Amino acid sequence: RSELEDALSRTLAHIRRNKDLQACLCYLDLDQFKVINDTSGHIAGDELIKQVANVLRSRLRDTDFISRIGGDEFAFIIMDADENAALNLVEEICSSINSIRFSWKDKAYPVSASFGLVSIRPDSGSVQDLLSAVDSACYISKEQGRNRIHVYRPDDNLSARQSMEMAMVHKMNHAIDHGMFVLHYHPIISLSGTDESVHYEILLRMQDDDKSWILPGAFIPAAERYCLMSRIDRWVVHSVLQSSHAVITDDVWISINISAQSLSESSFLDYVLDELAISKIPPANICFEITETTAISNLTAALTFIKAIKSHGCLFSLDDFGSGLCSFGYLRQMLVDFIKIDGTFVKDVFNDSVNVAMIESIVNIAHVIGVKTIAEFVASPEILKKVRELGVDYAQGHSISHSMPLEDIVSLSDLSNG
């Protein structure tokens with residue numbers, strides 16, 4: 001990679017001195033390379049890498065620069081070629097890689113690659129800008145179906161989105177490593193008048209370098225796309241179980257959201273159980289929460305997770321209930337303690353009679369099987385009154401309280417106790 005950066009720096013300098021020179025940078029990422037490594041071993045993977053390298057060597061010229069920059073990733077600089085000429089050459093390389101008939105110990109594997117291509121221009125920015133651009137283009141190629149070429153252009157919406165998401169990935173990793181994620185606690189209140197317990201859902205905020213807040217809607221999509229949700233979930237579980245004892249009493253429970261990626265990761269359950277074992281917080285004061293769609297699409301994993309968590313004394317909540325309309329039949333099997341009614345029904349409860357009917361149905365079925373209901377998105381006193389009339393057990397939303405960092409809740413608790 002360092003040799004590539006040096007060659008790219010020299011090429012960029014030459015083009016800026018001589019505006020008539022043209023060159024392009026290309027990334028190549030083999031598709032499904034991990035399958036070969038996992039099923040036939042690293043020796044087989046190494047052999048495929050050699051065959052791909054031979055294709056590149058045979059197609060590219062001595063004046064071009066070829067570099068292997070990762071396990072199954074190559075980069076090459078195509079000299080004295082405009083975008084069209086470079087694209088034609090990369091199409092030939094793509095076809096040649098498709099023609100590889102790779103077999104290992106009686107197993108045959110299809111071979112293909114995804115490519116990203118970017119022109120090197122006088123206004124291309126820095127070396128890192130070029131590397132980021134071509135990496136984005138390669139990722140888009142894989143995302144759009146693999147075995148294809150995506151050409152990066154600054155005005156391309158896909159490339160712009162990809163660049164923004166990659167920048168967000170860097171911010172998220174930096175936030176975890178440098179303590180820039182912050183837990184916020186969103187109160188959930190009882191509507192019955194007989195339940196004096198205090199409930200909080202854990203929400204996540206990220207601080208930018210200027211100390212402004214970045215809300216989950218801005219970083220969660222990138223975390224999901226780049227498979228960072230499990231790392232974030234682990235940070236949240238650890239942080240909640242290590243810090244929330246300051247607000248935990250017998251009548252306080254904390255709800256922690258779990259992503260689909262974490263639920264599908266076999267080691268995540270063991271991680272949660274280990275964290276529970278060393279935590280000072282009683283399991284009965286912890287509730288884990290997944291969405292309805294996550295539970296249904298990962299039913300076996302969800303049932304395993306719920307059973308294990310509940311056997312340790314924790315509570316469980318099903319979020320966004322009603323969005324999938326198929327989990328009524330699974331409710332008894334899931335053994336959840338709470339279901340959170342999808343906020344789209346709640347926020348439009350005065351505008352659509354179907355929403356009222358949906359809430360009533362969810363409440364009735366939940367109460368028959370002994371499950372409590374929570375209305376989210378309660379944005380006004382009128383909505384709060386309505387969901388109470390419909391028999392909902394708990395509510396949360398901006399009309400009740402905004403989310404707060406832990407120190408604010410501790411301060412309020414100290415004031416009320418004083």
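On a predicted model such as this, the values are computed, not experimentally measured, just so you know. Note that the numbering runs from 1 along the sequence shown for the chain.
There is no side-chain donor-acceptor pair under 3.5 Å between Gln261 and Ser230. Between the side chains of Lys340 and Gln396, at least one donor N or O lies within less than 3.5 Å of an accepting N or O. Side-chain polar atoms of Ser262 and Arg231 form no donor-acceptor pair below 3.5 angstrom. Residues Asp129 and Ser126 bring a donor and an acceptor atom of their side chains to less than 3.5 Å of each other. Side-chain contact annotation: Tyr27 with Ser141, donor-acceptor N/O pair under 3.5 Å absent. A donor-acceptor pair shorter than 3.5 Å cannot be found between the side chains of Ser112 and Arg146. No side-chain donor-acceptor contact under 3.5 Å links Asn147 and Asp31. Between the side chains of Ser259 and Asp233, at least one donor N or O lies within less than 3.5 Å of an accepting N or O. Inspection of the Thr291 and Asp319 side chains reveals no N or O donor paired with an N or O acceptor under 3.5 Å.
Here the side chain of Asn364 pairs a donor or acceptor atom with the backbone of Glu360 at under 3.5 angstrom.
Atom CG of Asp210 has more than 12 neighbouring heavy atoms from other residues, nucleotides or ligands inside a 6.0 Å radius. Residue Ile278 qualifies as enclosed at atom CD1: its count of foreign heavy atoms under 6.0 Å is above 12. By the neighbour-count criterion of 12 heavy atoms within 6.0 Å, atom NZ of Lys19 is densely surrounded, having more than that number from other residues, nucleotides or ligands. More than 12 non-hydrogen atoms from other residues, nucleotides or ligands lie less than 6.0 angstrom from NE2 of His367. Enclosure of atom CG in Asn88 by more than 12 non-hydrogen atoms of other residues, nucleotides or ligands within 6.0 angstrom is indicated. The environment of CZ in Arg205 is crowded: more than 12 heavy-atom neighbours from other residues, nucleotides or ligands sit within 6.0 Å.
A distance of 9.0 Å separates CE of Met206 from CD1 of Ile220, quoted to the nearest 0.5 Å. The structure places NE2 of His42 at 5.0 Å from CG of Asn37, a figure rounded to the nearest 0.5 Å.
Counting heavy atoms from C-beta outward, Leu12 and Ser124 have side chains that approach closer than 4.5 Å. Contact annotation: the side chain of Val349 approaches that of Leu390 to within less than 4.5 Å [non-hydrogen atoms, C-beta and beyond]. Using a 4.5 Å cut-off on side-chain heavy atoms (C-beta onward), Phe102 and Ile36 make contact. A 4.5 Å side-chain heavy-atom check between Phe377 and Asp342 finds every atom pair outside the cut-off. Counting heavy atoms from C-beta on, the side chains of Leu30 and Ile49 come closer than 4.5 Å. For the pair Ile188 and Glu201, the minimum side-chain heavy-atom distance is below 4.5 Å.
The distance between the ring centers of Phe219 and Phe181 falls below 6.0 angstrom. Residues His199 and Tyr394 bring their aromatic ring centres within 6.0 Å.
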After noting the C-alpha distance and the side-chain angles of Ser403 and Tyr200, does the key distance pass the side-chain hydrogen bond (donor to acceptor under 3.5 Å, both in side chains) rule?
-> CA-CA 9 Å; Ser403 63; Tyr200 295 103; over 6 Å; no

List the steps, then state whether side-chain contact (heavy atoms from CB on, under 4.5 Å) holds for Leu117 with Val134.
-> CA-CA 6 Å; Leu117 183 69; Val134 77; 5.7 Å; no

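Note: His398 and His186 have tilted aromatic rings, judged against thresholds of 30 and 60 degrees for the angle between ring planes. Ring-plane geometry between His184 and Trp213 is classed as perpendicular, the angle between the planes exceeding 60 degrees on a 0 to 90 degree scale with a lower cut at 30.
Residues passing the ring-ring contact (aromatic ring centres under 6.0 Å, His included) test with Tyr139, sequence neighbours excluded: Tyr226.
Shortest non-hydrogen contact noted between Ile281 and His245 is CD1-N, 3.8 Å.
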